[in-house]
Amino acid sequence: MTERKVIITDCDHDNFDAEQTVFSKAGYSFELLQCKTEDDVINQCQGAVAFINQYAPITEKVFASLPDLRFVVRYGVGVDNVDLKAATKYGVQVCNVPDYGTNEVADHALALMLALTRKIPFMNQLVKSGTWDYSKSIPVYRHSVQTVGIIGLGRIGTAFAHKVHALGCRVIVNDIHEKETYPDFVEFVSLEELLTQSDVVSIHCALDTSRNLISEKELQLMKPSAYIVNVSRGGIIDEDALDRALEENWIAGAAIDVAKSEPMSADATLMRHENFLITPHMAWYSEEAAVELKRKVAEETVRFLNGEQVHYAVNQLTVGSK
């Protein structure tokens, strides 16, 4: 088979066994780089036909400077670091892998929700510091009398809906896209209704349509006893507004797995709040999900190089490589 140049622009994984297996079987090879900037990509990736990309910026300048490039697939769901308009302009197919960690992310959102509503981290710290007193957790409410609001009912939002419904929660949803199929137990409401009625708000929408969706106005609509969870994308919640909401007790607490700028600094103002939980963009992760992601980016690349139908197109182009 004719060699085609496949480059992993950057990746922090500890092995590439899954990718190697797929590419070797198909008769292709790949080169691993660790590009940080668009200039790194331009200078180091000349002649590349296909990119597998994690964080390196794939900008219009990159597309203009790499005339052989025809395909980009991201390790993950989001394509925030890829200029989709420019990709389409230069005839580059962009793909992602939207379904490798659906249950992991939904599970993580549930875990953060339960950590907040049952006040587990707070009480754990009290016990370890010598205070054995359940009354310090007051108030805690029964989940079966609570309402959970989900912003975005895609794959992950739907999986999360099933999980909180199993706890007996009422589930309300706001989504900008009309849904042909959805769980029969969910109720669609306006964003304002969702914020005012929910005991927990969980965010599962895309950044490109939801940047700063939750700011001061929205946080002030929430109940003082309510919590907010974001495992979707940093930038959907205005972090300055969230800091003020926690400082002035507009809401009871917040938990996030994503930040506007990652990693979030240890001295960020949000870190001072006892009722603020944060994890390091790990909701997607399980051993099984990691292998599935790596296999699927390689399989999608092979499909493109072979002129086959890709499975996860983000922009619309004529199928096949050039």
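Bear in mind the structure is a predicted one, so any value in this text is a computation, not a measurement. Sequential numbering from 1 along the given sequence is applied to the chain's residues.
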Give me the atom names and distance for the closest heavy-atom approach of [X] to [Y].
| X | Y | result |
| --- | --- | --- |
| A241 | S215 | CB-C, 3.8 Å |
| R303 | Q309 | CD-O, 3.3 Å |
| K119 | P139 | NZ-O, 2.9 Å |
| V94 | A87 | CG2-CB, 3.5 Å |
| N174 | L191 | ND2-N, 3.2 Å |
| N53 | T9 | ND2-OG1, 3.1 Å |

Under 6.0 Å from the ring centre and within 45 degrees of the ring axis: does the NZ or CZ of K294 meet both conditions for the six-membered ring of F16? yes

On the 0 to 90° scale, with breaks at 30° and 60°, tag the [X]-[Y] ring pair as parallel, tilted or perpendicular.
| X | Y | value |
| --- | --- | --- |
| F23 | Y28 | perpendicular |
| F185 | H162 | perpendicular |
| F63 | Y90 | parallel |

is_close_aromatic(Y55, Y75), centroid dist under 6.0 Å: no

Run the salt-bridge test on [X] and [Y] with the 4.0 Å N-O cut-off and return the result as yes or no.
| X | Y | value |
| --- | --- | --- |
| E60 | K85 | no |
| K296 | E292 | yes |
| K61 | D83 | no |
| R155 | D99 | no |
| K163 | D107 | yes |
| K36 | D10 | no |

Taking salt bridge (Lys or Arg N to Asp or Glu O under 4.0 Å) as the test, write out the residues that go with D243, two or more places apart. R272

Checking E248 now: which residues fulfil salt bridge (Lys or Arg N to Asp or Glu O under 4.0 Å) with it, not counting sequence neighbours? R244

Take V92 and N315 through the test side chain to side chain contact (heavy atoms under 4.5 Å, CB included) and record every step on the way to the result. CA-CA 9 Å; V92 178; N315 61 341; 5.8 Å; no

Using links of under 4.5 Å between side-chain heavy atoms of ILVMFWY residues, direct or through other members, which residues join Y134 in one cluster? I138

Would you please test H108 and Y285 for ring-ring contact (aromatic ring centres under 6.0 Å, His included) and show each step? CA-CA 9 Å; H108 201 82; Y285 170 72; over 10 Å; no

Could you state whether [X] and [Y] fall into the same hydrophobic cluster, counting links through intermediate Ile, Leu, Val, Met, Phe, Trp or Tyr residues with side-chain heavy atoms under 4.5 angstrom apart?
| X | Y | value |
| --- | --- | --- |
| V148 | I237 | no |
| V231 | I278 | no |
| L194 | I236 | yes |

Heavy-atom side-chain proximity of [X] to [Y] below 4.5 angstrom:
| X | Y | value |
| --- | --- | --- |
| L153 | P183 | yes |
| I256 | V229 | no |
| L126 | D133 | no |

Just by modelled atom types, is the N230 backbone N or O under 3.5 Å from a matching donor or acceptor in the R233 side chain? no

I'd like to know if the side chain of D40 and the backbone of T37 have a donor-acceptor N/O pair within less than 3.5 Å. yes

Between W250 and M222, is the side chain to side chain contact (heavy atoms under 4.5 Å, CB included) condition met? List the steps. CA-CA 7 Å; W250 300 349; M222 293 175 62; over 6 Å; no

Side chain to side chain contact (heavy atoms under 4.5 Å, CB included) between V6 and F51, intermediate numbers included: CA-CA 6 Å; V6 178; F51 280 171; over 6 Å; no

How long is the straight-line distance from CD of Q93 back to CG of L69, given to the nearest 0.5 Å? 11.5 Å

Taken to the nearest 0.5 Å, the spacing of H177 NE2 from E180 CD works out to 13.0 Å

With side chain to side chain donor-acceptor pair (under 3.5 Å) as the test, would you mind laying out the steps for H204 and S202 before giving the verdict? CA-CA 7 Å; H204 301 279; S202 191; 2.7 Å; yes

